[in-house]
Amino acid sequence: MNSALKIATSNIHRTSCCVVGAGPAGAVLSLLLARAGIEVTLLEAHQNFDRDFRGDTIHPSVLHIMDEIGLADRLLQLRHSRIHTASFATPSGTIAIADFRRVESKFPFIMMVPQELFLEFITQEAKQYPTFRLIMGANVQEMIEENGTIQGVRYRSGDEWDEVRATLTVAADGRSSRIRKLSGLESVKTSPPMDVLWFRIPREQDDPAGILAQFGRGHALILLDRLTQWQVAFLILKDTWSQVRAAGIEKFRASVSELMTEFPERIEHLREWKQVSVLSVESSRLLQWYQPGLLLIGDAAHVMSPVGGVGINYAIQDAVVAANVLAPSLRRGVVTVEDLRNVQKEREFPTRVIQWIQTQVQKRIVAAALRSPDTLQVPWLLRLLLRLPIIMNIPARIIAHGVRRVHVNVR
């Protein structure tokens with residue numbers, strides 16, 4: 001894992017825990033460890049958080065975690081919108097698939113907040129603790145391995161190479177994790193049937209609220225309420241983006257407006273391809289999330305499909321469990337493989353279950369809709385079942401909290 005080249009290192013910093021990646025998982029883990037008096041260094045490759053994120057959903061599970069550490073009220077003061085319901089349109093009417101007001105009392109909604117603001121909020125809170133250190137523009141290139149144990153990382157900062165030496169290194173560097181590639185850990189992959197094209201259109205004050213979806217004619221459209229804008233996800237069959245683009249922007253606009261039945265005229269705001277970003281949908285899970293001295297969490301350990309929008313929330317739950325399990329060992333200065341195994345044991349089952357659910361939705365609903373030239377017809381029995389409270393509450397609970405509730409125990 002060490003480079004064969006001899007690299008001149010300018011600075012060496014020592015800490016208890018080095019966290020690579022200041023996304024939601026890395027930022028929350030760092031905050032929890034800093035609150036517990038543990039030295040933690042958080043490395044972020046970018047110079048700031050001012051960039052366009054697609055994952056902006058904070059589910060009730062995370063709001064409860066924030067509440068447990070006394071931050072929920074302040075978090076909710078950030079500019080945000082609230083999604084209470086999720087539904088999709090059919091020829092026979094709109095069908096509600098989740099109503100969070102039925103399963104939640106304190107936070108009966110999904111909070112839509114720009115991830116930039118969320119990360120700024122968490123890292124600013126962490127800076128209040130003297131054991132926390134954030135280094136922006138730290139592009140991690142190598143892991144430091146000695147005697148079979150990861151001892152930290154080397155990163156580039158401008159023209160210089162620096163090192164962080166740590167008792168434990170945690171990779172929270174996302175779906176394209178550099179640390180995962182360096183570790184050589186084996187993963188199990190599924191084959192999602194779709195990719196997602198993202199763009200935004202204006203939202204008017206009297207528009208419907210919540211998450212809206214429409215399936216039909218080989219495509220699917222999902223709209224997420226972002227106060228003054230709709231964040232639009234247009235689903236296409238896997239690996240057909242080049243064909244969509246080759247067909248031209250006008251044909252694409254026509255396909256979108258056909259499904260955007262509430263306000264088709266707003267497609268006029270989408271004028272060129274540079275307004276559209278492409279998400280190549282992946283879903284995978286590491287067989288083992290750790291090596292001696294190293295733990296992977298969030299998308300670095302399990303890349304999530306966008307179905308249900310649960311990726312950020314599962315990543316933050318990983319961070320909470322990691323802090324709960326590892327804080328005592330970090331205080332002692334020795335983290336064992338058994339400690340790391342215990343984090344995976346606690347988080348692997350919920351991850352496998354939600355990925356199985358996502359796979360079923362992709363195969364039975366999304367793939368069927370994308371491969372059909374007709375508008376999606378929902379069987380009458382399913383429409384009837386979705387009106388029963390006991391059935392209707394199941395997807396709301398799973399989306400809101402995941403398979404298993406997580407609580408902050410580290411102090």
Side-chain angles (χ1 to χ4, degrees), residues 55-68 72 75-76 80-113 208-215 220-225 233 283 304-318 320-321 346-366 368-369 376-408:
D56 292 340
T57 57
I58 303 297
H59 291 209
S61 58
V62 174
L63 291 172
H64 280 284
I65 288 167
M66 293 294 106
D67 197 38
E68 290 177 350
L75 177 62
L76 289 169
H80 70 282
S81 59
R82 299 184 180 189
I83 295 174
H84 294 90
T85 61
S87 60
F88 65 92
T90 74
S92 53
T94 299
I95 295 178
I97 57 174
D99 187 338
F100 304 110
R101 294 167 296 193
R102 301 182 61 90
V103 299
E104 265 293 322
S105 55
K106 190 162 189 178
F107 304 109
F109 52 85
I110 291 175
M111 179 186 186
M112 287 288 294
V113 60
I211 302 173
L212 307 177
Q214 175 72 273
F215 296 84
L221 185 79
I222 300 169
L223 299 124
L224 303 173
D225 179 356
S283 180
M304 292 288 194
S305 158
V307 171
V310 298
I312 290 174
N313 305 281
Y314 268 66
I316 291 174
Q317 288 179 335
D318 287 356
V320 172
V321 169
E346 192 164 338
R347 291 302 300 155
E348 185 172 25
F349 175 75
T351 300
R352 293 181 70 165
V353 171
I354 197 64
Q355 287 189 327
W356 181 86
I357 292 171
Q358 290 177 323
T359 298
Q360 300 312 305
V361 171
Q362 289 168 171
K363 285 181 178 179
R364 301 179 186 280
I365 298 176
V366 177
L376 179 68
Q377 300 290 335
V378 180
W380 68 268
L381 180 58
L382 180 58
R383 293 201 305 269
L384 177 62
L385 288 173
L386 286 173
R387 292 191 180 100
L388 299 176
I390 192 172
I391 301 297
M392 187 177 177
N393 291 349
I394 292 173
R397 280 198 175 92
I398 291 174
I399 294 172
H401 292 292
V403 176
R404 180 184 293 160
R405 293 282 292 265
V406 167
H407 299 279
V408 179

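Residues: numbered from 1 along the sequence shown.
- We find the CD-CG distance between E346 and D318 to be 10.0 Å, quoted to the nearest 0.5 Å.
- For the side chain to side chain contact (heavy atoms under 4.5 Å, CB included) test, residues two or more places apart in sequence or in another chain that qualify with L75 are L63, M66, L78, M111, F118, F121.
- Atom-to-atom distance recorded for H84:NE2 and F100:CZ is 10.0 Å, nearest 0.5 angstrom.
- Annotation: side chain to side chain contact (heavy atoms under 4.5 Å, CB included) contacts of Q355 (sequence neighbours excluded): S283, R285, H302, M304, T351, Q358.
- Here the CG-CZ distance, from D67 to F107, works out to 4.0 Å after rounding to the nearest 0.5 Å.
- Evaluation of the side chain to side chain contact (heavy atoms under 4.5 Å, CB included) rule for P350 yields Y314, R347, V403, R404 as partners, not counting sequence neighbours.
- To the nearest 0.5 angstrom, T85 atom OG1 is 7.5 Å from L212 atom CG.
- In plain terms, the two heavy atoms of I65 and V408 that are nearest each other are CG2-CG2, 3.8 Å.
- Residues satisfying the salt bridge (Lys or Arg N to Asp or Glu O under 4.0 Å) criterion with R405, sequence neighbours excluded, are absent altogether.
- Partners of A315 under the side chain to side chain contact (heavy atoms under 4.5 Å, CB included) rule, at least two apart in sequence or in another chain, are A25.
- Under the 4.5 Å side-chain criterion, counting only non-hydrogen atoms from C-beta, I398 is in contact with I357.
- Here the closest non-hydrogen pair linking I222 and A213 is CG1-CB, 4.1 Å.
- Residues I399 and I110 meet the side-chain proximity criterion, which asks for heavy atoms closer than 4.5 Å.
- Between E104 atom CD and N393 atom CG the span is 11.5 Å, to the nearest 0.5 Å.
- For the pair M112 and I211, the minimum side-chain heavy-atom distance is 4.5 Å or more.
- Distance check: I316 CD1 to S61 OG gives 7.5 Å after rounding to the nearest 0.5 Å.
- Nearest heavy atoms, Q362 versus S305: OE1-OG, 2.5 Å.
- Put simply, the side chain of Q317 never gets that close to the backbone of V406: no donor and acceptor are under 3.5 Å apart.
- For H401, the ring-ring contact (aromatic ring centres under 6.0 Å, His included) test picks out H64, with sequence neighbours left out.
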